[in-house]
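Reviewing the structure listed below.
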2 protein chains.
Amino acid sequence: MLNKSLVNSLKQIVGSENVVTGRIPLFTYSYDASQFPGRPDVVVFPTTTEMVCALFHFAAEQGLNVTPRGAGTCLSGGAVASEGGIVISMNKMNRIIDINQVNRTVLVEAGVINKSIQAAAEPFGLMFAPDPASLNVSTIGGNIAENAGGIRGVKYGCTKDHVLGLEVVIPSGEVVKTGQLLSISESQIDLSYFLCGSEGTLGIVTKALLALTPINPEVVTMTAVFNDLGDAGDCVAEIIARGVTPTTMEIMDNTLIKAVEDYAKLGLPKDAEALLLLEVDGFSSELESQVPSIIEAFRKNRAKNYSIAGNEQERQALWKARRSANGALGKLKPSMVVQDVVVPRDRLAAMLRNVSALAKRYGIIIAQLAHAGDGNLHPHLLYDHRVPQEAEVIEHVCDEIFKEALAQGGTLSGEHGIGLEKVKYMPLAFSQESISYMKQLKHAFDPESHFNPGKLLP
Amino acid sequence: MLNKSLVNSLKQIVGSENVVTGRIPLFTYSYDASQFPGRPDVVVFPTTTEMVCALFHFAAEQGLNVTPRGAGTCLSGGAVASEGGIVISMNKMNRIIDINQVNRTVLVEAGVINKSIQAAAEPFGLMFAPDPASLNVSTIGGNIAENAGGIRGVKYGCTKDHVLGLEVVIPSGEVVKTGQLLSISESQIDLSYFLCGSEGTLGIVTKALLALTPINPEVVTMTAVFNDLGDAGDCVAEIIARGVTPTTMEIMDNTLIKAVEDYAKLGLPKDAEALLLLEVDGFSSELESQVPSIIEAFRKNRAKNYSIAGNEQERQALWKARRSANGALGKLKPSMVVQDVVVPRDRLAAMLRNVSALAKRYGIIIAQLAHAGDGNLHPHLLYDHRVPQEAEVIEHVCDEIFKEALAQGGTLSGEHGIGLEKVKYMPLAFSQESISYMKQLKHAFDPESHFNPGKLLP
């Protein structure tokens, strides 16, 4: 905890109502959605960009670490002050400043919740395409910092594909504007993309200009049941090879199907080895041409059967299976690690099979859920944290999963970030030269390494 | 020119058949498509990434400047050795290494011509979306360095939106792999986007993994004629606001229409103030829903008349008008500067009108062609370079165009780059803080400033 005079200085910058101290209140800000706690010395809530600048100058003078925080939904430890210092919560910078139908843009402050952007865009027939599972609570600042994806990612890309420009306060306390927030720009060294996915290590995004996307008029939701998990993976690859780009392709494995069915009683086939949940959006003739092609891919890859949602109610029932995953798994074991690796689409079947084999070999429960269209796997590893041996095995299996993903030509993280969780694996994925250049670039922004220290870069 | 021993060292690195010296041969490499000449001391043609590394080490030892070059179609001087030194031509690294239908990717060396990528992708029903006017000759390395756009940009984005990963040799001679070339990655500090548009100032791209896009089955090509240039601009804005995203929206002004008609005799209306050439691609019901909406926008914005191409022959005739622009204008005056500025779409009408007013005020010929859907204007300024006063006026008018674009919330360059041409205007567009950070990042890569010196950064 900071001494009283430092806290008073912070109160002068952001107002006393925007400074949180004290053991109990700070406890709330000592966690994100990862396994890594970290208690800050103080939490502040700036309400303007100028306050953020002043906070950075103050932190630099005092040699204090700075950890940016949005809604705290980060799964890799990005939002926790693992080395103490100031947590700057962006939650009170939550204005939607402007929405422009002609430019198809929305200008927001960093603390705006993803869902609020969707709600603001919808009356114009537009959406903000990135839709992470956390969208009801997570902030756009956090989405940008982690370059969040979502179930629509296979068709619409991830956050960086929809960021047109940023206002960023860099560690020196200067305000840098990038991309179209500076102006409409396709050329020049554009720092926007570079900052997306930098996990709060290069400064704090204060404003973002985001691209909005027209909402397609029609949706078809389908499911297919497979006797083999790899077949489901191959089916996803074949659908893409056929030139079809579904909005969503999610695979659930047998462990997950059984858990969800026991929990939510949706009539899922508990004997199925895999369920592929797929959605295509577009105009009627597009869907009319794509649906038969998808069904052909189901058949060719030995789907046992398939169904198409006949109406919105049936569609919601199918999605309920997907959304029930976390709740259902919580009933099996008290602790869970949600992993996040990516492989090229043509290695999906092999990776799904190999993760299943790992579960068998180590005698643990792994429920597999995958944003399969992106090659993004989320193995859910279940265990009991009160049993030390179990926690230890889980760590081993995570190691094996990372190594396997890299061996398949994949990478460490799809959308949850490196954070504290995977920083030790960075040298497995990146060459010494690449890490050294990332570090040089980090150094250009943050020579004292006070910004989100310990995260992302080893 | 380099002395014999240095030339011999270069021959040892790349082979004697891959070194060009001598006044006359070097003359060929002293120009790009801009107004800025610059004679290199030597041109080398590496055929492997290892040779590029060795060339960089050699250049560093000798303190020689390095200028990367593709096909030399750069419009802003990016490919000329304005301060001498070595030109590294990537033309002989021109292999298409792998094309993958499941991953929808193509892995190419930097010297591959854009058109060759299109040709390789087409049998799979895929395309490489960026289609700069130079696509028949320009290389993917140049497209990446300048972040090239093209007429499909309004729907499909520019080069950076389709680069998944890069192999880059940085000035230290080290090979850095970024993005998916490293592995499939949505997270991490991704240098790919940062390098797109960096104009060869941060190193040389040797390989690129590019995203391919399914080709839509149907196209509708339309033209509309307007009595007022601004109305055409407003029409473009309204089409976007209606939720329609055409593949292409090109505006030609009266000066250009008359020049093209006199030159190519296509039956264009010489009394029209503006012609909007528009294409939508998709599936039939999508086009069936969008075409009436577009026609409604034509009517609302006072289009005099419109037409729809009935078949491929009629379609090609309409495109011939667009493609004839440069040839037609060449008949009016011996010299031409093609400008390249961007404004937000809702400022398009104002910008088009203001550029016309500038032509009148200065008594010069400006033919306006615009990738209007992107807000990207290409005013063609015609003059006679043998008349010093004319050249001087053109420079003044360019100044005014840049200032006007910035005043409209736009920027200096859409797709031609900053290069030598616009480097002096950078402080008008970017704050001191932003330029200073671009310079720090440049310094992290190229501490000696030997890479494409004098370009992009003031």
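It should be emphasised that the depicted structure is a prediction, and the values quoted were computed from it without experimental measurement. Order of the sequence lines fixes the chain letters, A, B, ..., with proteins taken first and strands second; residue numbering starts at 1 for each chain. What's counted below: heavy atoms across the whole structure, side chains too, no hydrogens, waters or symmetry copies.
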Could you look at A:Gln290 and say if it's the side chain, the backbone, both or neither that has a heavy atom under 4.5 Å from chain B? side chain

Are side-chain N/O atoms of A:Ser413 and A:Asp340 paired as donor and acceptor at under 3.5 Å? yes

Could you tell me if B:His371 and B:Glu415 have a donor-acceptor pair between their side chains, going purely by distance under 3.5 Å? yes

When the 4.5 angstrom heavy-atom criterion is applied to B:Asn216 and chain A, the contacting part is neither

Quick one: which of B:Ser436, B:Ser434, B:Ser431 gives a side-chain contact (heavy atoms from CB on, under 4.5 Å) with A:Val176? B:Ser434

Rounded at 0.5 Å granularity, tell me how far CG in B:Leu441 sits from OG in B:Ser198. 11.0 Å

Among A:His443, A:Glu238, A:Glu288, A:Arg104, which residue forms the greatest number of heavy-atom pairs with chain B at distances under 4.5 Å? A:Arg104

Is the shortest side-chain N to carboxylate O distance from A:Arg152 to A:Asp281 below 4.0 Å? no

Heavy-atom proximity to chain A below 4.5 Å, by part of B:Thr245: both

Contacting moiety of B:Asp346, where chain A heavy atoms sit under 4.5 Å: both

Any sub-3.5 Å donor-acceptor pair from A:Lys155's side-chain atoms to A:Val280's backbone N or O? no

Determine the option with the most heavy-atom pairs under 4.5 angstrom with chain B, choosing from A:Gly125, A:Pro214, A:Gly243. A:Gly243

B:Arg242, B:Arg347, B:Gln408, B:Gln440: which one forms the most heavy-atom pairs within less than 4.5 Å of chain A? B:Gln440

Where on A:Ile170 is there a heavy atom nearer than 4.5 Å to chain B: the side chain, the backbone, both, or neither? side chain

By a 4.5 Å heavy-atom criterion (distance strictly below it), what part of A:Val175 contacts chain B: side chain, backbone, both, or neither? backbone

